[in-house]
Each structure stands twice: as C-alpha cells, then as structure tokens.
Protein chains: 2
Amino acid sequence: MQISSRFTIAVHMIICIEAFKDTHKVTSEFIASSVNVNPVVIRRLLQQLKKAGIVEVKRGSGGADIARPLDEITLLDVYNAVESVDNGVLFHFHENPNQLCPVGRNIHAIMDSRLQEIQTAMEAKMRAMTLSEIMEDANRLLEL
Amino acid sequence: MQISSRFTIAVHMIICIEAFKDTHKVTSEFIASSVNVNPVVIRRLLQQLKKAGIVEVKRGSGGADIARPLDEITLLDVYNAVESVDNGVLFHFHENPNQLCPVGRNIHAIMDSRLQEIQTAMEAKMRAMTLSEIMEDANRLLEL
DNA sequence: ATCGTTGTAATCTTCTTTGATACATCCATA
DNA sequence: TATGGATGTATCAAAGAAGATTACAACGAT
C-alpha cells in the first residue's frame, strides 16, 4: 500500500503558488493544469492546506497564496494536512485479534511501541525538510 | 492512507509459529483463529513469507515453521515480503505532471531524492528490529 | 449587476483489500 | 493404497478509498 498522491500533489501546489506568485493569479484551474488533475481535486486540497494554516485562498477574486514563511512549513506539516487518516496512525492493525489466545491478547503490547518508533523516524525526517529548502532547489531548476 | 494490516498480521503469524512450535501443529486454521481472519488470508501470507525465505510450509501433513534464525529476520524483511507494491516505492506520485509547465517538468527532480530519503529512514528503522528481539518481548508476556 | 472563482455536495469509476467458497493437490499414516 | 486433514490457488463478492467529473450556490472585485 502506498501513501496517496495527495501528498506529492500538495507539495507541487505549494511550489506552483510560490513560483508564479508574481506573474500569475494562481487559481485552482491554473494549478490543476500544472499538476494535471481535476480542479476540484486542487480546491479540496487547498481547503485542507488552508485549515492547516499553510495557504490562503481568496474567494470571489480568486487565487492562492502561501500563508506563512516557507522555512516554517515542513514536509510533515504538508503531509499531516492532507494525509490525515485514522489519527495519523501509519500502520493499519488487524482489528480483532483473538483475546483467548496468548499471542492475540498480547500482540498490541508487543508491537505498538515498535510501530510508533518506525512512524516517528519517518516523521522526524519529514519534519527536517522545509519548503524553503525545496523552493531553493526548485528555483535553481526553474529558469522562469 | 495506511499501510495494510498484512504487515501486522504477518508479524503476528511469525510469533504464533514460534510460540506454539513445540505444543501445536501450527496450521493456517490455527493461526487464523489467533489473528481472527479467514484461513485463506493466512495461507496467502504464508506463501509470500515462504517466497521470502522466512517460513516453511508443509503440504499434506500441514503446519508452518520458521525457515531461518529469528535474529536474521528483520521487520523490513517481513514488510517487503507482504507489502510489496509498486517496486517498494512508498509514496505514490501523481502520474502525469504537465511537461509544458516548468514546475510540472521539474517536480520529480525536486522531490524524488527527498521522498527516497524519507522512505530510507523508515526502512532503516525497520531493518534494525529483528524478530528475535520481538520474540524476547513476546516470551516475557506469554506465560504459556 | 456581472463575471470569474471558490466551496462543496453528489455521483461514478476504478483499484485495493479482505472475506468467503470451492476444489484440486499433496502427504503421512492407518 | 485408500483416506483424511492440509495446503495452494482460483474465483467471486463486499467494502472502502481515491480520484474524476458535473453541478451549483456563494462570494467579491470591478
């Protein structure tokens, strides 16, 4: 199973908003064309990023902007904003292990802390990557 | 999106096989009862673990065994054995970014190495956890 | 008042996971 | 060597998630 494309789309969106902020009105339609998905998908993600305080979206006149400094937005912020399923628990545990079996009764006690540790390692890596670094790389590649 | 329960089920299975090896014939039916899923789900996973050289399964007479020392089986081995989707790539990337847009054209160059780095951090953590450590914890909890 | 845009609901398709049934194949052993 | 308990695997169904698409009310600058 994979982490859904919402995450990579969201990062793509933020890069677009920042890269084109001076030259275009960055609407859901505009972003959708760069990402190559339906504009409604973009608007839904914009709402999630807005709730997380990452972007601002203007009704009426239209267009999206970054809501706070890029070095205060980490990949983990973006991930949590758009990928929030089941309270952010990465591993899906089988639902009803048999409590009458010693293993079934203790499987959570055995595994939960380890699964959490793995998830934490991944999140720490994401927290260490800011959109500001990513934008520096992007600007080097985008000769606009 | 979450990592499927196949992973936690597979670990549960291995613990069962090891914990009951001296007292029971550990059949798919037996394991299914502990995990509380359909026996066919267990058999399918047993096949995947077998292909990975983690367990041995006896036809005819029935029963499963661990195929190699527990300290040579890591959580990453188990994860890769049962969770192998899309060549083990964790993040699903949106399929067709617009090549006519500078951002769409470069999004992979910008993100691929970072996504890989995150995945690698997670895998490193899983590689550091062996079934032998897990079994030690399990044995402490299972007064059989 | 108009027009372009956002916010959001509703529906549809596709894909993946898991559950379940069925049955051919296998193998120890009686 | 026939049998009975298991495995190996095909097939289908059910449920859930993701994403595509259409539709339209609400908004706000002009």
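Proteins come first, then strands; the chains are lettered A, B, ... in the order of their sequence lines, and each starts at number 1.
In the model, A/Gln116 has a side-chain atom that pairs as donor or acceptor with a side-chain atom of A/Thr120 under 3.5 Å.
Residue A/Asn38 places at least one side-chain N or O under 4.0 Å from the OP1 or OP2 atom of D/dT21. Between B/Arg6 and C/dT17 there is a side-chain polar atom (N or O) within less than 4.0 angstrom of OP1 or OP2. At C/dT8, none of the side-chain N or O atoms of A/Arg44 fall inside 4.0 Å of OP1 or OP2 (strictly under the cut-off). Considering only side-chain N and O atoms, B/Ser28 lies under 4.0 angstrom from the phosphate OP1 or OP2 of D/dT7. Taking only side-chain nitrogens and oxygens, B/Lys50 comes nearer than 4.0 Å to OP1 or OP2 of D/dG8. Look at B/Ser61 and you won't find any side-chain N or O under 4.0 angstrom from OP1 or OP2 of C/dC26. Distances shorter than 4.0 Å separate none of the side-chain N or O atoms of B/Gln47 from OP1 or OP2 on D/dT7.
Side-chain atoms of B/Arg127 do not come within 3.5 Å of backbone N or O of B/Leu76 as any donor-acceptor pair.
The distance from atom CD of A/Glu83 to atom P of D/dA18 is 7 Å, rounded to the nearest whole Å. Put simply, CZ on A/Phe7 is 17 Å from C1' on D/dA18, counting in whole angstrom units. The distance from atom NE2 of A/His92 to atom P of C/dT16 is 18 Å, rounded to the nearest whole Å. Rounded to whole angstrom, the span from the CD1 atom of B/Ile17 across to the P atom of D/dT7 amounts to 10 Å. Whole-Å rounding puts the B/Gln2 CD to D/dA17 C1' distance at 11 Å. If you take NE2 of A/His94 and C1' of C/dG19, they are 16 Å apart, rounded to a whole angstrom. The nearest whole Å value for the distance from the CZ atom in A/Phe30 to the C1' atom in C/dG4 is 16 Å. Atom CZ in A/Arg59 sits about 12 Å away from atom C1' in D/dC24, given to the nearest Å.
Within the nucleic acid shown, A/Gly60 comes within 4.0 Å of at least one base atom, counting heavy atoms only. Among the heavy atoms of the strands lying under 4.0 Å from A/Val40 is at least one base atom, whether or not backbone atoms are also near.
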>> Apply side chain to side chain donor-acceptor pair (under 3.5 Å) to residues A/Thr8 and B/His92 and explain how you reach the verdict.
In response: CA-CA 8 Å; A/Thr8 55; B/His92 183 199; over 6 Å; no
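Between A/Phe30 and A/Phe20, the angle of the ring planes goes over 60°, which puts this pair in the perpendicular group of the 30/60° scheme.
With a 6.0 Å radius and a threshold of 12 heavy atoms from other residues, nucleotides or ligands, B/Glu29 has its CD atom at or below the threshold.
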